[in-house]
Amino acid sequence: QVQLVESGGGLVQPGGSLRLSCAVSRSIFSISAMGWYRQAPGKQRELVARITNSGFTNYADSVKGRFTISRDNAKNTVYLQMNSLKVEDTAVYYCQAYGSWGQGTQVTVSS
C-alpha cells in the first residue's frame, strides 16, 4: 500500500496555467510507470498523461501540446504542468502509482 498526496488544484481562467503535484510515500526511483487521470462529470475516468521509469511519456490527444508530465525521483513527486487550460479540462484529477490512487484534486476552468 502506498499513499499519494495531491496538491495544486483550484480555479483557473481559460488560457491559464496550473501545476499539479503528487507526493508519493514510497520511492518512485524504480517504479515502472505513473500517471495522471481525470474524471469529468458524467464521464469515465480517463488517462491524461503517463510517464515511465525510462522517461517515456504519452498523453491523451485532448491535452497534447498543452500538458506536460514529469517526475522528480529525489522528491518522490510527479507533476502535471497544465497550460492553455480549457473549460473542458474541468475535472477531478487523480495521480496513480504502485496500483494506488490519490484522493483527487479538483481543477475548475472557468471565466
Side-chain angles (χ1 to χ4, degrees):
Q1 189 176 5
V2 66
Q3 286 73 51
L4 296 83
V5 180
E6 304 173 5
S7 62
L11 176 65
V12 65
Q13 294 182 344
S17 297
L18 204 62
R19 188 178 76 164
L20 306 183
S21 300
C22 181
V24 184
S25 64
R26 294 179 59 186
S27 173
I28 63 170
F29 176 78
S30 60
I31 194 172
S32 60
M34 55 196 309
W36 286 94
Y37 295 72
R38 69 185 181 188
Q39 187 167 19
K43 295 184 178 180
Q44 187 173 330
R45 189 174 300 184
E46 64 176 349
L47 175 68
V48 176
R50 181 176 179 268
I51 185 167
T52 70
N53 177 260
S54 58
F56 291 113
T57 59
N58 54 27
Y59 300 89
D61 288 341
S62 59
V63 307
K64 286 182 178 178
R66 300 188 298 118
F67 290 11
T68 303
I69 187 171
S70 62
R71 58 194 288 174
D72 188 332
N73 291 337
K75 297 180 179 179
N76 294 330
T77 301
V78 61
Y79 303 95
L80 184 67
Q81 178 66 47
M82 304 184 293
N83 298 325
S84 301
L85 283 162
K86 304 176 180 179
V87 173
E88 50 263 44
D89 294 320
T90 296
V92 178
Y93 284 71
Y94 302 86
C95 58
Q96 188 272 330
Y98 286 107
S100 298
W101 296 92
Q103 79 285 352
T105 184
Q106 177 70 47
V107 172
T108 302
V109 185
S110 176
S111 60

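Only a predicted model underlies this, so the values are computations on that prediction, with no experimental measurement involved. Excluded from the calculations below are hydrogen atoms, water molecules and symmetry mates; all remaining heavy atoms, backbone and side chain alike, are included.
In this structure, CZ on Arg19 lies 8.5 Å from OG on Ser7, to the nearest 0.5 angstrom. Atoms CD and CG, on Gln81 and Leu18 in that order, are 8.0 Å from each other to the nearest 0.5 Å. Once rounded to the nearest 0.5 Å, the distance linking CD of Glu6 with SG of Cys95 reads 4.0 Å. Note: Ile51 CD1 to Phe56 CZ = 11.0 Å, rounded to the nearest 0.5 Å. Atoms OG and CG, on Ser32 and Asn53 in that order, are 7.5 Å from each other to the nearest 0.5 Å. Separating the CG atom in Leu11 from the OG atom in Ser111 is a distance of 9.5 Å, to the nearest 0.5 Å.
Taking hydrophobic clusters as Ile, Leu, Val, Met, Phe, Trp and Tyr residues chained together by side-chain heavy-atom distances below 4.5 Å, Tyr37 does not share a cluster with Ile69. Linking ILVMFWY side-chain heavy atoms closer than 4.5 Å, directly or via other members, places Trp101 and Leu4 in two distinct hydrophobic clusters. In the hydrophobic cluster analysis, where Ile, Leu, Val, Met, Phe, Trp and Tyr join through side-chain heavy atoms closer than 4.5 angstrom, Trp36 is grouped apart from Tyr79.
Checked for salt-bridge contact, Asp89 and Lys86 miss the test: no charged N lies under 4.0 Å from a carboxylate O.
By the 4.5 Å heavy-atom criterion applied to side chains, Thr90 and Gln106 are counted as neighbours. Proximity of Thr68 to Asn83: side-chain heavy atoms (C-beta onward) are nowhere separated by under 4.5 Å. The side-chain heavy atoms of Arg71 and Ile31, taken from C-beta on, include a pair separated by under 4.5 Å. You'll find the side chain of Asn73 stays beyond 4.5 Å of the side chain of Ser27, heavy atoms only.
Across all non-hydrogen atoms, the minimal contact from Val2 to Ser25 is CG2-OG, 3.2 Å. Closest approach of Arg66 and Leu85 over heavy atoms only: NH1-CA, 3.8 Å. Here the shortest heavy-atom pairing between Gly104 and Val92 reads CA-CG1, 3.8 Å. When all heavy atoms of Arg45 and Tyr94 are compared, the closest pair comes out as NH2-CZ, 3.3 Å. Taking every heavy atom of both residues into account, Leu80 and Ala49 meet most closely at CD1-CB, 4.0 Å.
Asn76 places no side-chain N or O within donor-acceptor distance of the main-chain N or O of Ala23, the cut-off being under 3.5 Å.
In this structure, Phe67 and Tyr93 have tilted ring planes: the angle between them lies in the 30° to 60° band.
If you check the side chains of Thr108 and Ser110, you find no donor sitting under 3.5 Å from an acceptor. Between the side chains of Ser100 and Arg26, no donor-acceptor pair is found at a separation under 3.5 Å.
Applying side-chain hydrogen bond (donor to acceptor under 3.5 Å, both in side chains) to Ser62 and the options Arg38, Glu88, Glu46 leaves one that passes, Arg38.
A 6.0 Å sphere centred on CD of Gln44 holds no more than 12 heavy atoms belonging to other residues, nucleotides or ligands.
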